[in-house]
Protein chains: 2
Amino acid sequence: MTADRPLNATAASLLGFLHDRPMTGWDLVATAQALIGDFWSLTRSQVYRELAAMERDGLVLAGAIGVREKRPYELTDAGRAAFASWVDGEPGPESIRYPLLLTLAFGRHLSPERLATFLAHHRHTHAARLQGYEALRAGADGTLDTYALATLDFGIRYERGVLDWLDHLSPELRGGTPG
Amino acid sequence: MTADRPLNATAASLLGFLHDRPMTGWDLVATAQALIGDFWSLTRSQVYRELAAMERDGLVLAGAIGVREKRPYELTDAGRAAFASWVDGEPGPESIRYPLLLTLAFGRHLSPERLATFLAHHRHTHAARLQGYEALRAGADGTLDTYALATLDFGIRYERGVLDWLDHLSPELRGGTPG
DNA sequence: TGGTACATGTAACATGTTACATGATTAG
DNA sequence: CTAATCATGTAACATGTTACATGTACCA
């Protein structure tokens, strides 16, 4: 049962959330999206797959099926131990995959107007995200713990950084050919 | 041959680099690492796989094997067209996977000292990266085009942002329990 | 002649994405 | 009674990672 291969970060996160209360796959997706979705994405498929695998490994225990086919999972002692060991390990380097930068890097193969459109669109998206984060921080007095605040702060600084970068790009890139 | 499924960004990048000159898989890995590696990672395995697939699809053409088993690939007209169409498409949203933030989000399950260690280590890594980028920009007078400069600028701002964020984290998080 | 850098590739596996299929419960 | 939301899951595929296997050429 307890196949002692190291946890991946996605599975570990699920275990992390299960510390608070038993949850269904559905709940876990929602929780993860809300709390770590901005720097760690996961899909429904993945969650159900990981839950099934972790049940095989004895890290979680599926409870009785409730109303609406709800199938809550709870943490086992092995699961708690696996999580504790994961969270104590050195976190790896972050990875960023940034399609806009890729397009920009190949900018000479692209019309200036098109590139400028992409940049403008991108700016819009990030401005909206920043607003969302700031509203969240302003509105959530006391509802967020120190740790959530810290990650939120990262998000805010990141988004501000992106906007700042865009606003300081050379005008030829940003503006197409003005006139 | 020309199976018209849409290019993925990794494959497209390879086509992008092949605009300059025919290159081997090895060359492409090195080039990609140098030019886009900071926001788009790829491995040797992937490159060889994509090259093989793109040859099947007629987007690249393998040349004669040269010295040291060197197998150069060159762009075909279909490849050029596929790239042009890819680069003209709206770039998708970026995705960040940030293990440190994940660990931080679960900070209450971790000893303050351990967390502080992770943060300090992280700071060190990013300070080094920033230095590298700044040296690159200072040293590369004229060797980088506008586009490469723009992506480099992003990197610099990003790293500065990370450091700034770390330096403004609440002292309990950063310092462990100061004594 | 022996080590290092160059060069290609496969195999096995892990992770992530998308589309599909199914059904229960609730609100209006 | 019917549409929206909740809920679970599978299948097929795409992408990314790690380890292994092989051989060439250059340099000291």
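Numbers restart at 1 for each chain; the letters A, B, ... are given by sequence-line order, proteins then strands.
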> Taking ILVMFWY side chains as joined if any heavy atoms are under 4.5 angstrom apart, and letting links pass through other members, which residues group with A/V67?
Replying inline: none
> A/E69 CD to C/dT26 P: how many Å, rounded?
Replying inline: 13 Å
> Got a sec, which residues hit side-chain hydrogen bond (donor to acceptor under 3.5 Å, both in side chains) with A/T103, two or more places apart in sequence or on another chain?
Replying inline: none
> To the nearest angstrom, how far is B/M23 atom CE from C/dC6 atom P?
Replying inline: 16 Å
> Separation of B/W26 atom CH2 from C/dT4 atom P, in whole Å?
Replying inline: 15 Å
> For the pair made of CG in A/D27 and P in D/dC6, what is the distance, rounded to whole Å?
Replying inline: 11 Å
> Can you check the A/I65 CD1 to D/dG9 C1' distance for me, whole Å?
Replying inline: 11 Å
> Partners of B/D145 by salt bridge (charged side-chain N to carboxylate O under 4.0 Å, His left out), sequence neighbours excluded?
Replying inline: none
>> Taking 4.0 Å as the cut-off, does a side-chain nitrogen or oxygen of B/Y48 come that near to OP1 or OP2 on C/dT8?
In response: yes
> Taking atom CD of B/Q131 as the centre, does the number of heavy atoms from other residues, nucleotides or ligands within less than 6.0 Å exceed 12?
Replying inline: no
Protein N or O to nucleotides 18-22 of chain C N or O, pairs below 3.5 Å:
residue, atom, partner, partner atom, Å
C/dT18, O4, A/S45, OG, 2.5

> In chain order, what residues pass the side-chain hydrogen bond (donor to acceptor under 3.5 Å, both in side chains) check against A/T31, with sequence neighbours excluded?
Replying inline: none
> Rounded to the nearest 0.5 Å, how far does CZ of A/R157 lie from NE2 of B/H168?
Replying inline: 5.5 Å
> Mapping A/E50 and B/R71 onto DNA chain C by nearest heavy atom, which one lands closer to the 5' end?
Replying inline: B/R71
>> Nearest whole Å is fine: how far is C/dA14 P from A/L7 CG?
In response: 13 Å
>> Using the side-chain hydrogen bond (donor to acceptor under 3.5 Å, both in side chains) criterion, which residues pair with A/D77? Sequence neighbours excluded.
In response: none
> Taking CE from A/M54 and P from C/dT15, how many angstroms apart are they, rounded to a whole number?
Replying inline: 12 Å
> So which nucleotide from C/dA12, D/dG9, C/dT17 ends up closest to the side chain of A/R49?
Replying inline: C/dT17
> Between A/V67 and A/L42, who's closer to the 5' end of DNA chain C by nearest nucleotide?
Replying inline: A/L42
>> What is the separation between atom CG on B/L102 and atom P on C/dT15, rounded to the nearest whole Å?
In response: 14 Å
> A/N8 side chain: which of D/dA7, C/dT15, D/dG9 is closest?
Replying inline: C/dT15
